[in-house]
Amino acid sequence: WWWFLRCLLSVLVSPRMAGLRVDFGLLLEPLGFIKVLEWIFSIFAFATCGGFQGETTLLVSCKGVVNKTVTAAFAYPFRLNTVVFSAPDPKRCGGTWTDVYLVGNFSSSAQFFVTLAVLAFLYCIAALVVYIGYKHVYQQNSKFPLTDLAITVITAFLWLASTFSWATALADIKMSTGASVIPGIESCKAPGTTCRFASVTSMKTLNVSVVFGLLNMVLWGGNIWFVYKDTNLHNQSKRISQSP
């Protein structure tokens with residue numbers, strides 16, 4: 001991405017090539033229209049994942065306390081092993097309650113997914129600027145279509161990898177914040193102490209983020225053909241196929 005932007009700036013400052021020629025009609029063509037969709041879907045991808053906040057709640061009964069609500073609040077980037085349940089009472093159940101943390105660190109998968117979405121968002125802005133205002137530069141310099149093709153192929157693969165990595169992490173997050181947390185809490189096994197699972201924040205928005213990851217993967221993968229058509233590789237293969 002950064003190589004493309006640096007190359008773009010170096011070409012645009014050239015007196016021979018520079019000159020803004022705005023043509024919004026290119027947004028109706030497949031190359032521009034798909035790039036707009038990629039830009040929009042990347043926003044939804046990092047917003048639905050990076051903006052999530054939730055909590056899991058237990059009901060704890062122990063010495064002098066009946067059905068005390070304890071919560072553990074978690075959010076992006078989902079370092080659950082740093083999230084602690086609140087103590088059920090100031091005396092910590094007569095000394096039988098110790099700090100209880102959720103299990104798992106899923107920050108690598110979540111940050112991979114969100115970082116890719118942000119980079120894709122920024123690249124789409126740069127590409128749309130070129131398509132709309134500097135299409136003549138894009139067509140006259142063969143490096144731009146080839147670079148655009150390389151980035152599109154790489155991004156499509158990264159969407160595939162990041163989406164499936166994040167989907168796997170999300171399944172583990174649901175396990176680590178659901179009713180299955182209770183058997184792993186030693187304080188709940190103390191004599192006179194009982195723990196019941198109450199609730200956990202709905203993760204529908206996180207499910208939506210996986211859907212947008214898949215949509216981005218399909219968009220970037222399908223866009224490879226339209227970017228390829230603007231490269232010298234397609235023109236050469238076309239000339240070869242037409243030659244006797």
Side-chain angles (χ1 to χ4, degrees), residues 42-122 158-214 216-217:
S42 65
I43 296 175
F44 282 107
F46 68 72
T48 52
C49 179
F52 181 83
Q53 293 183 338
E55 64 179 24
T56 185
T57 305
L58 306 180
L59 293 177
V60 179
S61 298
C62 55
K63 296 180 180 179
V65 177
V66 178
N67 287 339
K68 174 69 175 183
T69 300
V70 297
T71 59
F74 58 94
Y76 173 84
F78 305 102
R79 294 187 179 94
L80 301 186
N81 57 345
T82 64
V83 177
V84 62
F85 279 100
S86 58
D89 71 279
K91 296 181 180 179
R92 306 176 73 83
C93 290
T96 62
W97 185 272
T98 57
D99 287 339
V100 178
Y101 292 85
L102 293 176
V103 178
N105 184 350
F106 307 99
S107 58
S108 58
S109 297
Q111 289 176 328
F112 179 23
F113 183 81
V114 171
T115 300
L116 175 62
V118 172
L119 290 176
F121 165 77
L122 296 175
L158 291 178
W159 273 119
L160 171 65
S162 66
T163 299
F164 280 93
S165 175
W166 168 233
T168 302
L170 178 56
D172 292 336
I173 290 171
K174 292 178 180 179
M175 289 290 295
S176 298
T177 57
S180 60
V181 302
I182 293 180
I185 300 177
E186 293 298 326
S187 298
C188 292
K189 303 175 183 178
T193 301
T194 59
C195 300
R196 293 189 296 113
F197 181 77
S199 64
V200 64
T201 303
S202 173
M203 299 187 188
K204 291 181 179 179
T205 56
L206 297 182
N207 294 334
V208 171
S209 70
V210 174
V211 174
F212 277 109
L214 294 173
N216 275 292
M217 178 187 69

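Residues: numbered from 1 along the sequence shown.
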Quiz item: Could you walk me through whether Ser107 and Phe112 pass the side-chain contact (heavy atoms from CB on, under 4.5 Å) check?
Solution: CA-CA 8 Å; Ser107 58; Phe112 179 23; over 6 Å; no
Quiz item: Quick one: does Val100's side chain get under 4.5 Å of Glu186's, heavy atoms only?
Solution: no
Quiz item: Looking at Pro77 and Ala110, what are the two nearest heavy atoms and their distance?
Solution: O-CB, 4.0 Å
Practice problem: Check whether any side-chain heavy atom of Lys174 sits under 4.5 Å from a side-chain heavy atom of Leu206, and report yes or no. | Solution: no
Quiz prompt | OG on Ser209 to CG on Asn216, rounded to 0.5 Å | solution = 11.0 Å
Self-check item: side-chain contact (heavy atoms from CB on, under 4.5 Å) assessment of Thr201 paired with Phe52
Solution: CA-CA 10 Å; Thr201 303; Phe52 181 83; 4.3 Å; yes
Practice problem: Please confirm whether the backbone N or O of Ala198 pairs with a side-chain atom of Thr57, one donor and one acceptor, at under 3.5 Å? | Solution: no
Practice problem: Please assess Val70 against Cys195 for the test side-chain contact (heavy atoms from CB on, under 4.5 Å), listing each intermediate value before the final yes or no. | Solution: CA-CA 10 Å; Val70 297; Cys195 300; over 6 Å; no
Quiz item: Side-chain contact, heavy-atom cut-off 4.5 Å: Met203 with Leu170?
Solution: yes
Practice problem: Return yes if a side-chain donor-acceptor contact under 3.5 Å exists between Thr98 and Ser187, otherwise no. | Solution: yes
Self-check item: Contacts of type ring pair (Phe, Tyr, Trp, His ring centres under 6.0 Å), residue Phe85, not counting sequence neighbours
Solution: none
Exercise. Please answer whether the main-chain N or O of Thr71 pairs with a side-chain N or O of Ser86 as donor and acceptor at a distance below 3.5 Å.
Key: yes
Quiz item: So among Trp159, Phe164, Phe212, which one has a ring pair (Phe, Tyr, Trp, His ring centres under 6.0 Å) with Phe113?
Solution: Trp159
Quiz item: How far does CG of Leu158 sit from OG1 of Thr163, to the nearest 0.5 angstrom?
Solution: 10.0 Å
Quiz item: Are side-chain heavy atoms of Cys49 and Trp166 found at a separation under 4.5 Å?
Solution: yes
Quiz prompt | Atom pair OG1 (Thr56) and CD1 (Ile173), whose distance is rounded to the nearest 0.5 Å | solution = 12.5 Å
Quiz prompt | Interatomic distance, Ser61 atom OG to Arg196 atom CZ [nearest 0.5 angstrom] | solution = 7.0 Å
Practice problem: Determine the interplanar angle of the Phe74 and Phe78 rings, folded into 0 to 90°, and report it as parallel if under 30°, tilted if 30 to 60°, perpendicular if over 60°. | Solution: tilted
Practice problem: Using a 4.5 Å cut-off on heavy atoms from C-beta on, say whether the side chain of Tyr76 contacts that of Gln111. | Solution: yes
Self-check item: Nearest-0.5 Å distance, OG of residue Ser176 to CG of residue Leu80
Solution: 5.5 Å
Practice problem: Would you sort out whether Thr48 and Thr205 count as a side-chain hydrogen bond (donor to acceptor under 3.5 Å, both in side chains), showing the intermediate values? | Solution: CA-CA 6 Å; Thr48 52; Thr205 56; over 6 Å; no
Practice problem: Inspect the surroundings of CZ in Phe44 and state if more than 12 heavy atoms from other residues, nucleotides or ligands are less than 6.0 Å away. | Solution: no
Quiz item: Are side-chain heavy atoms of Leu58 and Val181 found at a separation under 4.5 Å?
Solution: yes
Quiz prompt | Over all atoms of both residues, closest heavy-atom pair of Pro88 and Lys68 | solution = O-CG, 2.7 Å
Self-check item: Shortest non-hydrogen separation from Pro183 to Ser180 and the atoms involved
Solution: CD-O, 3.2 Å
Quiz item: Hey, what do you get for CG (Asp172) to CG (Asn105), rounding to the nearest 0.5 Å?
Solution: 12.0 Å
Exercise. Take atom NZ of Lys189 as the centre, draw a 6.0 Å sphere, and report whether it contains more than 12 heavy atoms from other residues, nucleotides or ligands.
Key: yes
Quiz item: For the residue pair Val83 and Ala72, what are the closest heavy atoms and their distance?
Solution: CG1-CB, 3.7 Å
Exercise. Identify the two heavy atoms, one from Ala75 and one from Gln53, that lie closest to each other, and give their separation to 0.1 Å.
Key: CB-CG, 3.8 Å
